[in-house]
Amino acid sequence: MNMTRCMDMLETAIRWTVVALLAVMVAAIGSQVFARYIFQQSLYWTEELGRHVMVWMIFLASVLCVRRGFHLSITLIKERLSRNKQALLQLLGAIVLAYFFYMMIVHGWTLTQKTMVQRSSALHYPMGYVYASLPVSGLLMFIVNLEVMIKAGLEFFGQRKGEAVAQPAGTGGGSK
């Protein structure tokens with residue numbers, strides 16, 4: 001099984017997780033609205049659940065954005081470079097991002113451990129569960145960024161041609 005196929009399977013799993021988290025968030029907030037307007041009574045826990053699920057959903061969806069190159073980028077200079085120099089630029093960017101994701105993992109793990117003693121106000125579970133989204137998503141972003149790094153490196157050194165590495169949104173880098 002090649003690297004791209006494994007990463008596609010990981011992406012599919014993350015996509016379905018994000019969809020499930022969105023469904024939970026919509027159900028929680030929807031039940032809050034329903035209870036407030038139909039029964040004139042507020043459910044105290046739904047806002048907190050919706051907020052914490054949204055945090056996880058956003059961080060996991062960010063993994064997909066890293067893999068597909070849908071993050072914010074300025075392409076003015078990149079578009080004027082040769083294909084080989086574009087690959088080098090992408091490789092250097094991926095190396096910088098790898099360091100950032102490493103820091104997310106390390107400091108996110110520290111924060112998660114420190115907040116395991118703090119309880120959420122409504123649901124009373126450890127807040128570390130919410131903060132765990134940092135190291136988990138950081139690790140996943142580090143992994144998908146390695147794929148981008150490998151592909152850009154192979155393209156730069158002439159081992160891979162024709163298949164674009166993570167195209168930015170709106171430039172024809174189609175998503176599945």
Side-chain angles (χ1 to χ4, degrees), residues 1-25 52-116 127-176:
M1 184 176 297
N2 65 16
M3 174 184 62
T4 303
R5 180 138 164 78
C6 287
M7 298 308 287
D8 286 345
M9 290 170 49
L10 176 64
E11 180 178 334
T12 300
I14 292 170
R15 279 182 185 216
W16 282 109
T17 303
V18 168
V19 167
L21 290 172
L22 178 62
V24 169
M25 188 175 78
H52 294 168
V53 166
M54 184 176 68
V55 168
W56 269 96
M57 185 179 68
I58 289 170
F59 274 105
L60 289 176
S62 296
V63 176
L64 305 176
C65 292
V66 169
R67 181 165 192 239
R68 292 292 171 184
F70 290 158
H71 46 76
L72 182 64
S73 64
I74 300 171
T75 59
L76 180 66
I77 296 172
K78 184 180 177 185
E79 291 170 350
R80 290 179 165 70
L81 297 175
S82 69
R83 185 105 172 123
N84 195 37
K85 289 181 181 172
Q86 285 181 10
L88 177 62
L89 188 63
Q90 187 159 20
L91 177 61
L92 294 174
I95 290 169
V96 171
L97 282 175
Y99 177 73
F100 176 75
F101 299 143
Y102 168 76
M103 297 305 285
M104 266 182 78
I105 297 165
V106 170
H107 294 290
W109 179 248
T110 302
L111 185 61
T112 300
Q113 289 177 318
K114 286 181 180 178
T115 55
M116 287 305 273
M127 286 300 294
Y129 293 167
V130 178
Y131 288 101
S133 62
L134 283 168
V136 169
S137 64
L139 178 63
L140 291 170
M141 284 188 247
F142 187 86
I143 291 168
V144 299
N145 188 56
L146 281 177
E147 177 194 25
V148 171
M149 214 183 312
I150 290 168
K151 287 180 178 179
L154 290 174
E155 192 167 320
F156 177 71
F157 291 111
Q159 301 296 317
R160 176 188 172 96
K161 290 189 170 66
E163 191 175 324
V165 184
Q167 291 290 327
T171 60
S175 62
K176 294 183 179 183

Undergrad: For L92, check side chain to side chain contact (heavy atoms under 4.5 Å, CB included) against everything at least two apart and list the hits.
TA: L88

Undergrad: Does V63 offer a backbone N or O that forms a donor-acceptor pair with the side chain of R67 under 3.5 Å?
TA: no

Undergrad: May I ask you to decide whether R15 forms a salt bridge with D8, counting only side-chain N to carboxylate O separations under 4.0 Å?
TA: no

Undergrad: Could you pull out all residues at least two apart from T17 that satisfy side chain to side chain contact (heavy atoms under 4.5 Å, CB included)?
TA: L21, L60

Undergrad: Carefully, step by step, assess L89 and K85 under the rule side chain to side chain contact (heavy atoms under 4.5 Å, CB included).
TA: CA-CA 6 Å; L89 188 63; K85 289 181 181 172; over 6 Å; no

Undergrad: Is any side-chain heavy atom of E11 less than 4.5 Å from a side-chain heavy atom of R68?
TA: yes

Undergrad: Let me have the donor-acceptor pairs involving side chains of residues 134-145, under 3.5 Å, with sequence neighbours excluded, atom names and distances please.
TA:
from: S137; atom 1: OG; to: S133; atom 2: O; distance (Å): 2.6
from: S137; atom 1: OG; to: L134; atom 2: O; distance (Å): 3.3
from: N145; atom 1: ND2; to: A94; atom 2: O; distance (Å): 2.7

Undergrad: At their closest point, which heavy atom of N84 faces which heavy atom of F156, and how far apart are they?
TA: OD1-O, 2.8 Å

Undergrad: If the threshold is 4.0 Å, N to carboxylate O, is there a salt bridge linking E147 and K151?
TA: yes

Undergrad: W56 side chain to A132 main-chain N or O, any donor-acceptor pair under 3.5 Å?
TA: no

Undergrad: Nearest 0.5 Å, please: how far is CE in M104 from CH2 in W109?
TA: 14.5 Å

Undergrad: Looking at CG of L154 and CE of M3, how far apart are the two atoms once the value is rounded to the nearest 0.5 Å?
TA: 7.0 Å

Undergrad: With sequence neighbours excluded, what pairs up with L91 under the side chain to side chain contact (heavy atoms under 4.5 Å, CB included) test?
TA: I95, M149, A152

Undergrad: Could you list the residues that satisfy side chain to side chain contact (heavy atoms under 4.5 Å, CB included) with A61, not counting sequence neighbours?
TA: V18

Undergrad: Can you tell me how far the CG atom of L97 sits from the CG atom of L146, to the nearest 0.5 Å?
TA: 11.5 Å

Undergrad: Mind running side chain to side chain contact (heavy atoms under 4.5 Å, CB included) on Y129 and M116 for me, showing each step along the way?
TA: CA-CA 7 Å; Y129 293 167; M116 287 305 273; 3.3 Å; yes

Undergrad: Rounded to the nearest 0.5 Å, what separates atom CD in Q86 from atom CD in E155?
TA: 8.0 Å

